[in-house]
Structures are given as structure tokens and as C-alpha cells.
Amino acid sequence: MSFLQGLNEPQRLAVTAGDGPVLVLAGPGSGKTRVLTQRIAYLIREKRVPPWHILAVTFTNKAAREMRHRIEALLGEPPRGLTMGTFHGTCAAMLRREAAHLAPYTNEFVIFDADDQRQVVKQALADLNLDDKKFPPARMLNYISAAKNEFITPAEYAATNYVSEIARRVYAQYQKLLQANNAMDFDDLLMNTLLLFDQEPDVLAKYQQRYHHILVDEFQDTNTTQYGLLQRLALGHGNIFVVGDADQSIYKWRGADVRNINRFREQYPAAQMILLEQNYRSTQIILDAAKSVIKHNRDRVHKELFTDRQGGAKIIIREAYDDREEAVLVVDTIARLVLEGYEPGDMAVMYRTNAQSRALEEAFLTRGLPYKLVGATRFYGRREVKDIIAYLRLVHNPADAISFNRIVNTPPRGIGKKTQEQLESWAAANGWQPGQALLRLATDADVPHPFVGRALAPLLTFSAMLYEWVTLSDGSGVGEVVDLILQDTRYRDYINDGTEEGEERWANVLELRGVANADAEISLSAFLEQVALVSDVDNLEETANAPTLLTLHAAKGLEFPIVFITGLEEGILPHIRAFEDMEELAEERRLFYVGLTRAKDRLYLLHAHRRVAYGQADAAQRSGFLQEIPGELVEGGNHGSRPDRRGSSRDWQWNRPAPASINQARPAAAGVNSPPPPRTPPSAAARFVSPTTRAEPRPEPALPARPAYRTGQRVRHQRFGEGFVIEVKRTGDDDEIIVAFSGEGIKRLAASIANLELVE
DNA sequence: GGATCTCATGTTTTT
DNA sequence: CATGAGATCC
């Protein structure tokens, strides 16, 4: 029984638990993924449960993929028929299969993302003659989403005040529009599945009979609707195995309800409860810090987490002058740790908001170091990518008015506002959506229509194109359809305007084309579903050996030997929006806790003295959460405000970090040209690196040596090739060198980074 | 009809 | 700052 080996007692209990409800409360790093995968393997191998009788739900596609691989490794063969995926993905599949019960939906329904949702809300507001200034679409969407997460239909929606009464009406109209577009939003996937279960007992019975065992990961982040789905499916056999950790609940804002854990215990009083308290991930120091922090939350069930990894490197807390400097500190430290033998891919930098990635990216780019970025401007959120997907969606589902509106005149083809209005009213009069109306023009030459004069020609052209694509899509690969669309619309000319940005956009289009071509067999429908449901973490490349930049939310479920958490300031973490509400503050603390517990070996916590927001720098205050870490766990102690720096009249030591590039980071490379040994404090980078990371005490590193660049000097650059120096600017600690390269034009380079070779 | 400009406006976290 | 909406001009 290889898959029971190496399990501790509670893990073994969980893996081999008998039938009936089981609740596993699993601390961070306690091997919950292991328990889930091994239990599935155990059920299949030992209990002779056919894989198709098992449903396993995870939070991300990536987690699902990983678990499937691990199960396959345990079994020695793929678990054929096992249903494993996200709630959304699993529900989408069921809805697609049961579309016959979903009128007016057809099985060609599309999934609308946040952008599309906003468009629909705006349309709904317009339909109801409501001012979208007074009722911002984003706010309306919050109401709508909250309702759906609570499994409340428009008819059941109880308005308690003026705004929620408006929200109720908008919600109702919004749903109508979605149906007219044959579209569902993310929440609908869950909600409509649950509605289907409740309205069609036969359908529910079918799935109850199919799934004898249900396993759920990240149970603390389920919402009411998801709970309802699980509860319905488990009626009867009651074989529901859930794993979660209330301390890692960080999606309350998305409708997740930690109380589902209590609800579960009430609903299944006989449920076995198993605590996983041994942490296999972090050092004692890191675990102790995390425990000290989370202890400040009230009303939580105490877990006694422990680890065998006694001791460990102390936690390093540093203040930078501003966010740019903070980023440089991080990158400097990463470069140094790499020199010490750590793999770049072993490191992650985490932050509260996506906007914070910017400074970090710049620091990496300046250094010429690669990084992996999760989120921010996600690939599938890019304008050009969304355009192409909108074309595909329209081909797939001509009723999709949102996609139609997006591309009807993109690229511009002479179908302006007025023509669009005309088209819309003509379509409405016939009970069509605009896309369907347009197709009529191509398929039915005699159809009476109101278009005359200038508007007619572009409409007919576009109509013929759309018809051509629809025809082609029947029986051809997605890639071919994409190619024809790109060709017909001359999309490249439109997007690639000769600027660097245009190049990039076109490259993104080509990348999407690559995705479409990757699988020759995939249907348009499956392709669209796939691109709608991927998350950023799903696309996280394992292979590239580079540090990962990601939000604390995205970090959930991941682990790294070395973790940096930046922006530990009041207003950032905890976020300013959480100040008023104790519950939200507790969630911010859990978020911090999640970040802390991602680290295996080393933890660096950073905050800045000034932070740029809205393009303006403001004084920032150290996060109160930092105070919750005991001083003995922190390198040099945990001093709230550090007297040696605070109150010093000048921040000069932060003004310009000495860039210690990888090539020059060898300590004290004092050459002939180097300045005298610093009376000045060491560079920011040097101060940041913990002394414990060094084998022995050594002199403070000197600033990098400065080779003698002179105007006219011929130099060679690794990437740019040969050129000659036009100008040398001595600036503070570094020289800026302006070089004219024969092939690449004029570049400004930082001497310490560029690593120029002198050419005779 | 379309391009370009200004202005204001607001940023958490995401399947 | 960065995006979006609205106005203005071609």
C-alpha cells in the first residue's frame, strides 16, 4: 500500500476514513493536497470505487491538474472518468450537458467575464432609464453577484432600501439580457446549476447516482450556492469529504462564507473531524511568526501547529525609502541570494494589490533579470485578445450582442453609431439580436431592411464576412477561423501601428492564434470555455527558473523556499478599505497569514517610508501586523520604529541604492578606481542582506568599481553589440553612459548594470 | 463617421 | 497614472 506510506497518523485517518461526512481542518503546509490525492487513490485502489463515481472540486484548474497528475502517479495509470475540476468548470460542463432543460439557453451559451458583465449592466441601466453615474455599474454588479452567491433569484430579492431596490430591478433586467445573449456570468454557472438541481429532480438524481464520493478542497472559501450544490449532490449517501482552514479564508468579498464549516458540522453531526496540525513546510521561526500573527484574530478555533524544522533563519524586516527603493531592495537581495546558490525560481514576491507589481517589474527590468508575473493585465484581458475572442464568440453564438457591439466597428469599417442604432431597432423589431440580423442580410437576399445609401455597403461586406466565418467554423479548426478573421478584417494593420506597443499587441494576437492552433481537435465551444475559465495562476509556468511576482490572494495554495512580502503599511496591508470593519481587518490578517505561511526557509518583510499612489507620494506608516511578530524571531529584533533611521535628518542612504549587479556583486571588489572605503553606510542592498546569510563577517562591500569610460571609447554590449560612447554622466553612485550602437541606435545605460566590454 | 483631445474619475483581492 | 467618457474638430 504505497500510498499510505509516509503519512502521519491524522493524515492516515483522513485518507482511510470510512463512508459518511468527513471534515478535515488542515493548517498551512500540513499536507492537505496529499491527503486528498491519496484518499482518491485509496478509494479507487482499495475500496474499488470506479473513478467515474468520484467528484473532486478544487479552487483552481492548476490545483486540479496537479492532483490529477499525482493520482496518476500513485495509481500508475490515469484515473479514467474521474471528475476533477473547479466548481465553475464542473458546473459549466453539467449545464452544457443538460442544456435541454435550460430554455431559453442553448448548449452554445457563452461565459461573460467582468468586462462583458459591465456592458450588460450598463445596458440594463439604460433599459430602465437609470443614470449610470448615480448607480455605478460596478456597484450594481456587487449587489448582483452577492445575491447570486447567496442563491437569491431576482424574484426572491428583498430590497431593504432605495439602492437595493434599484439593484433588484437592475438584477432582473440584467438576467433578462444575459438570457437574450445566450450568456451566463461566472456566478450563473453555479447558480443555474443549483436551480437546475432544484427544478429537475431527475437531473439531480442522475448526478447523485453518478457521484458516490464528493471531495472538496479549500472548503473555507465556498459560498452559499456552492454549499448548496454539494449538499444536494451528497443527499442520500452523505459521502462528502471536505478539507479547509478557516484561518486561510480570504474570499469573503467574493461571497465565501467561513460559516460553511460550522454549517457542515451542524448538518452532519456525525461527521468525522480530523485536525492536521503538523506543518511540513516552514521552519519553526516562520511558523511561530505566523501563529503569533493569526492569534490576534478573535473567535477562531485554535490549532496547535508544529513543525520538525527547528530554528531556521530569522525573519528580516526592512524599511525602504519609497516603493521604488523597496523594489530595488527586493531585486538586490534576490540577485545576492542567487549568488549564494538559491535558484531564482525558489523565490516569490507577494503584495496586496496588483498595482504594486509595477515598481517591482521595473526593478527587475532595470537589472535585466527575468521574472514571472501572475495577474495584473492578464493575457485574456488584453484589448486585442478580447477583440479576437469576441469575433470567435460571435461566430459561435450570433446572439451575443455584447461581443457584437465590441467588434462591429473594430477595426473601423464604416458602421458608425447611427447605422448601429438602425441595425439594432431593425433587429429588435424582428425579434433578433443584432448579430443574427446581420446574418440575415447574408443569407436572405430578399429580406426587407431599412438600410440605404452610405451605410449599406459596409454592412453587407461585414455580413458576408460573418457568414463566411460561421460557415467555415463548421468543420474547421479554431485556428483556421482565427486566421480567416485576421485576414478579412486586416486586424494586423489595425493593431500594429508601427509603435512598440503595436508590435506587442500583434504578438499577443499571434500568441492567441498559437493557443487556438495548439489543439487541432478542440471545438470552438470548448475553446471559448477554456479561455473563459482559465485563471492567471493556471498559466503560471513552472519551467522558467525565475522569481514569481503575485498577489497574496494568488499565492494561496503555493509554497516557495524564499518569500518576500512588500508593502507592509497601514492602508496597503491591511488595506484601507478594511479599516472600519473588524471582520474585514481579520480577513486582512488572514491574508498576511497566508503570505507568511507560503515560506519554507526565509521570509523578508518590507515596507516603505513613502508610497506612490495615484501618481503621488505620501508618507506611509508601518503595518500594525508587523508588531504582532515577536522580536526574537526577527533579525536584529522587531523595532516598531527604528531610532537609528527615524529622526535622522536625511534619508540619503536610500536616495540611490548602489546597484550591485550579479556580475559585480562579489564583495569588496575594490579596484583601482573604486572610491575610498565607505565612511558612508553601506548601500541599501548591502544593509538589506542579513548577516546570517554570510559565511563570515566581512568588510562592508564597496561600491562597484568604475571602469574608465570615455567619450569615443568603443564598447561591446552583450545584446546590443558594438558601439561607441557618446557621453558619460557621473551620477551619485553610478555612471550613466550613453552609447550609440551600430544596429540598435542610441541607448542610455547604467554602467554597473550594462557590463560593457571595452573594445580596442 | 472617425480621430484626437481634454477632463475627470477612481483602484483590493478573482473563478 | 491610466483608463474611460464626452466634446470638439476634421
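Per chain, numbering begins at 1; letters A, B, ... match sequence-line order. When reading the values below, keep in mind they use all heavy atoms of this one structure, side chains included, and skip hydrogens, waters and symmetry mates.
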Touch class at under 4.0 angstrom, heavy-atom based, for A:Gly89 against every strand present: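 No contact at all - A:Gly89 keeps every heavy atom at 4.0 Å or more from the nucleic acid.
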Sugar-phosphate, base or nothing in reach of A:Asp187, heavy atoms under 4.0 Å: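 A:Asp187: no heavy atom of the nucleic acid under 4.0 Å.
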Side-chain touch A:Val163/A:Met140, heavy atoms, less than 4.5 angstrom: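 When only atoms from C-beta onward are counted, A:Met140 and A:Val163 do touch, with a gap below 4.5 Å.
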A:Gln117 side chain reached by A:Ser145 side chain, heavy atoms, under 4.5 Å: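 SC-SC contact between A:Ser145 and A:Gln117 ruled out.
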Per [X] side chain, nearest of listed nucleotides [options]:
{"X": "A:Lys418", "options": "B:dT15, B:dG1, B:dG2", "value": "B:dG1"}
{"X": "A:Arg358", "options": "B:dT14, B:dG1, C:dA2", "value": "C:dA2"}
{"X": "A:Asn354", "options": "B:dG2, B:dT13, B:dG1", "value": "B:dT13"}

Heavy-atom neighbours of A:Arg68 CZ exceed 12 at 6.0 Å: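 Correct, the count exceeds 12.
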Between [X] ([atom1]) and [N] ([atom2]), how many Å, whole number?
{"X": "A:Ile572", "N": "B:dT13", "atom1": "CD1", "atom2": "P", "value": "11 Å"}
{"X": "A:Asp185", "N": "B:dT15", "atom1": "CG", "atom2": "C1'", "value": "11 Å"}
{"X": "A:Leu229", "N": "B:dT15", "atom1": "CG", "atom2": "C1'", "value": "14 Å"}
{"X": "A:Glu529", "N": "B:dT15", "atom1": "CD", "atom2": "C1'", "value": "13 Å"}

A:Thr225 side-chain N/O to A:Asn149 backbone N/O, donor-acceptor pair under 3.5 Å: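 Looks like yes, one N/O pair under 3.5 Å.
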Salt bridge or not for [X] and [Y], using N-O below 4.0 Å?
{"X": "A:Glu587", "Y": "A:Arg590", "result": "yes"}
{"X": "A:Lys386", "Y": "A:Asp116", "result": "yes"}
{"X": "A:Arg610", "Y": "A:Glu325", "result": "no"}
{"X": "A:Asp245", "Y": "A:Lys32", "result": "no"}
{"X": "A:Arg324", "Y": "A:Asp322", "result": "no"}
{"X": "A:Arg505", "Y": "A:Asp387", "result": "no"}

Between protein and nucleic acid, restricted to nucleotides 5-9 of chain B and to nitrogen or oxygen atoms under 3.5 Å apart, what atom pairs and distances do you find?
none

Nearest-angstrom distance, C1' atom, C:dG4 to B:dT13: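 Roughly 23 Å separates the two C1' atoms.
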Mutual orientation of the aromatic rings belonging to A:Tyr251 and A:Phe59 [parallel < 30°, tilted 30-60°, perpendicular > 60°]: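 Tilted.
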side-chain N/O A:Asn149 vs B:dT15 OP1/OP2, d < 4.0 Å: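 Negative; the distance criterion is not met.
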Any A:Arg383 side-chain N or O less than 4.0 Å from OP1/OP2 of C:dT3: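 For A:Arg383, the contact criterion (side-chain N or O under 4.0 Å from OP1 or OP2 of C:dT3) is not met.
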Mind listing the N/O atom pairs, protein and nucleotides 4-10 of chain C, below 3.5 Å?
| residue | atom | partner | partner atom | Å |
| --- | --- | --- | --- | --- |
| C:dA5 | OP1 | A:Arg118 | NH2 | 3.4 |
| C:dA5 | OP1 | A:Lys122 | NZ | 2.7 |

Pairwise 5' ranking along DNA chain B for A:Lys417 and A:Thr551, keeping only the more 5' one: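 Its nearest nucleotide lies further toward 5', so the answer is A:Lys417.
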Partner of A:Ile565 under side chain to side chain contact (heavy atoms under 4.5 Å, CB included), chosen from A:Phe592, A:Phe625, A:Tyr351: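 Of all the options given, the one that passes is A:Phe592.
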Whether A:Trp253 stacks on the six-membered ring of B:dT13 base, 5.5 Å and 30° limits: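 Aromatic stack with B:dT13 present for A:Trp253.
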Interface with DNA chain B, restricted to residues 582-590 of chain A and to heavy atoms under 4.0 Å: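 Residues of residues 582-590 of chain A under 4.0 Å from DNA chain B: none.
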